[in-house]
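Down below is the structure, laid out as structure tokens.
Because only heavy atoms are used, hydrogens play no part in the values below, and waters and symmetry mates are left out as well, while side chains stay in.
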Amino acid sequence: KPLPHITTDDDPAGDMASEEVLNVIDALRLPRYDLGQYVSVPKGEELHPDEQELLKDLERSSGNLLGFTRTMLMKRLSSSGGVFVLSLQRHLLRNLMYVRAIEDDAYIPVGTVDDSQLFGDTGEALSIPVPSDKNLGSLRSADEWDTVAESAYRALEEKSPSSVVWARAALFSDELLEALRQDNEALLGLLDRFGTWNHWNDAKIDALHKLVTETHKDEKVLVFSEYADTAEYVAEALKMRGVELVDSVTGSAEDPTSLAQRFSPESNAELGPPPDPKDRLRVLVATDVLSEGQNLQDSAIVVNFDLPWAIIKLIQRAGRVDRIGQKNDKVLVYTMLPQEGVEAVLRLRERVALRLAKNASVFGLRRRRCPLGSLCTRSLASGSIGSGSRRLVRRPPGCPLRKPSTSPRVSRLPRQRSGWPAITPWFRPPSKVRSPPTRRRQKGRSQACASACTNGSATTSPPRKAPCSA
């Protein structure tokens with residue numbers, strides 16, 4: 001069943017799906033995910049072996065993450081406005097950390113940087129604001145963001161996690177700093193445009209709150225989302241609005257099965273004694289970590305807070321409650337949709353897919369100038385599709401960047417040489433396969449047979465030839 005929500009003027013989620021916002025995302029250069037394009041080592045400088053290996057890795061992976069990052073930004077936009085704003089803030093913070101390192105001629109952190117590595121338990125970590133009242137503080141200014149980035153850089157430098165490799169800023173060109181500043185200006189513009197996110201103005205939270213407090217106020221409700229940030233945000237927003245017995249479970253949970261048992265104790269009786277009534281859950285917000293391998297049929301209501309990009313997940317989610325042991329006659333599956341219906345969601349996703357396909361960002365393709373003067377496309381996704389390397393774009397003949405096809409072919413048998421052991425092929429060579437005679441060959445044989453009969457030598461004709469009709 002569709003669960004419509006009406007976006008008001010106070011909800012910036014309606015503006016996030018505009019063509020102008022998509023243009024800004026599409027124009028982001030995302031230099032942190034393409035560092036190999038900005039490597040610039042001064043001539044004659046000797047590099048440490050570790051630095052040489054790092055630069056080789058950056059050049060090999062250059063461009064592969066661009067499409068993935070841009071895709072994730074656009075996908076999170078369709079999940080929740082708050083999650084999209086949070087993603088923009090994270091990109092801005094990490095860009096500012098790079099800018100600070102380059103301006104101070106320090107070291108750049110290359111690798112995966114988690115929020116816990118930047119803030120720890122200080123309470124300053126980036127998250128979707130979920131206040132108990134409708135009053136929120138003002139947006140951070142550019143100077144405040146610089147201060148947060150500086151403290152985050154110091155915290156990361158102090159912890160120095162194993163997932164981060166430190167590279168000298170001098171190994172990269174000035175174009176990297178220019179690209180970072182350009183993206184930061186665009187990200188700050190979007191954040192100023194959307195304002196401070198507030199769940200009290202979130203139309204999707206309003207619709208879900210009404211569902212769990214009015215439509216099904218005494219029933220168990222299972223809510224699914226594709227993203228952990230969305231699941232945690234939804235659970236906290238419901239708690240702040242007075243909904244009790246609510247919790248969230250994501251892939252980072254230490255024991256998702258225990259939360260499933262608290263939500264559905266009867267279906268998980270074999271796991272041990274049932275939890276105390278005060279510990280049981282009525283509303284569980286989960287990612288797809290619970291969409292497989294869990295018994296949740298104590299509930300008969302499933303809510304899709306966002307539409308998954310893989311539609312098969314809708315069936316998997318419903319399958320958690322629509323299974324043996326379900327005591328209700330009906331299983332209700334709600335899908336949150338804008339007032340315009342599913343067509344609005346499909347139109348947004350179609351626009352996103354067209355943009356991604358237009359610049360081939362999904363596969364991490366980039367443009368490379370061909371020495372012949374023509375503009376060719378070089379695939380950097382070798383080995384990422386199926387097994388082995390696969391060419392996505394055909395270059396024109398004569399291009400020096402063109403390589404032989406890597407498609408599998410049947411190789412010829414090696415030539416037999418004297419002194420080598422005989423090779424027994426596992427198939428009959430094509431030259432040994434006898435094909436049926438053609439009409440021309442049959443006619444030639446008939447003439448030869450007739451000539452042999454005339455000369456009185458019909459008995460000496462080869463045994464494989466057709467017998468003379470004479």
Side-chain angles (χ1 to χ4, degrees), residues 3-18 21-22 24-25 69 72-94 114-115 119 123-140 145 148 187-212 223-241 243 246-252 283 285-287 303-309 335-339 344-345 348 352:
L3 185 62
H5 57 275
I6 303 175
T7 304
T8 62
D9 295 337
D10 296 331
D11 187 356
D15 183 37
M16 292 179 182
S18 65
V21 173
L22 292 181
V24 174
I25 300 175
T69 305
M72 291 303 298
L73 272 176
M74 292 187 176
K75 284 186 175 182
R76 290 167 76 91
L77 184 152
S78 63
S79 172
S80 169
V83 171
F84 180 60
V85 170
L86 179 61
S87 299
L88 297 181
Q89 292 176 346
R90 286 174 175 164
H91 277 281
L92 176 62
L93 176 62
R94 285 152 178 79
D114 190 73
D115 280 356
F119 303 101
E124 299 177 358
L126 296 179
S127 61
I128 306 174
V130 188
S132 57
D133 54 28
K134 299 184 179 181
N135 297 321
L136 283 176
S138 58
L139 287 173
R140 287 191 177 102
W145 274 112
V148 174
L187 293 172
L188 281 171
L190 289 179
L191 292 175
D192 290 340
R193 174 173 178 166
F194 301 146
T196 304
W197 185 261
N198 192 337
H199 76 90
W200 294 99
N201 298 327
D202 191 339
K204 296 181 74 173
I205 295 295
D206 290 341
L208 181 61
H209 178 258
K210 182 178 180 180
L211 180 77
V212 300
V223 184
F224 278 108
S225 174
E226 276 203 298
Y227 303 103
D229 290 327
T230 303
E232 295 171 356
Y233 159 66
V234 170
E236 290 299 321
L238 291 177
K239 291 178 183 179
M240 291 300 176
R241 296 190 180 207
V243 180
V246 181
D247 208 339
S248 62
V249 56
T250 64
S252 61
V283 179
V285 188
T287 60
V303 178
N304 295 300
F305 192 81
D306 47 31
L307 271 177
W309 285 71
T335 300
M336 304 203 71
L337 299 172
Q339 187 179 15
V345 179
L348 171 61
V352 171

Under 3.5 Å, is there a donor-acceptor pair between the side chain of R193 and the main chain of G189? no
I need the full list of salt bridge (Lys or Arg N to Asp or Glu O under 4.0 Å) pairs touching residues 197-208, with sequence neighbours left out, sorted by first then second residue. D206-R241
pair R140-L191: side-chain heavy atoms closer than 4.5 Å: no
Quick one: closest heavy-atom pair of D306 and S225, and the distance? OD2-OG, 2.8 Å
Write down the atom of S79, the atom of F305, and the distance for their closest heavy-atom approach. O-CE2, 4.1 Å
T335 meets the side-chain contact (heavy atoms from CB on, under 4.5 Å) criterion, sequence neighbours left out, with N304, L307, L337
Within a strict 4.5 Å, meaning less than it, do heavy atoms of the L77 and L73 side chains meet? no
Of the non-hydrogen atoms in V246 and K239, which two are nearest, and what is the gap between them? O-CE, 3.0 Å
Looking at NE2 of H199 and CG of N201, how far apart are the two atoms once the value is rounded to the nearest 0.5 Å? 9.5 Å
Taken to the nearest 0.5 Å, the spacing of L188 CG from L88 CG works out to 10.0 Å
Closest approach of L208 and M336, non-hydrogen atoms and distance? N-CE, 4.0 Å
Shortest non-hydrogen contact from A231 toward T250: CB-CG2, 4.2 Å
In sequence, state the C-alpha distance, the side-chain angles, and the governing distance for Y227 and L86, and then conclude on side-chain contact (heavy atoms from CB on, under 4.5 Å). CA-CA 12 Å; Y227 303 103; L86 179 61; over 6 Å; no
State, to 0.1 Å, how close V148 and L93 come at their nearest heavy-atom pair, and which atoms those are. CG1-CD1, 3.9 Å
What's the spacing between T287 OG1 and E232 CD if we round to 0.5 Å? 9.0 Å
Could you tell me the separation between the CG atom of D229 and the OG atom of S87, rounded to the nearest 0.5 Å? 6.5 Å
Would you give the length of the straight line joining atom CE of M16 to atom CG of L22, rounded to the nearest 0.5 angstrom? 12.0 Å
Just say parallel, tilted or perpendicular for the rings of Y233 and W197, cut-offs at 30° and 60°. perpendicular
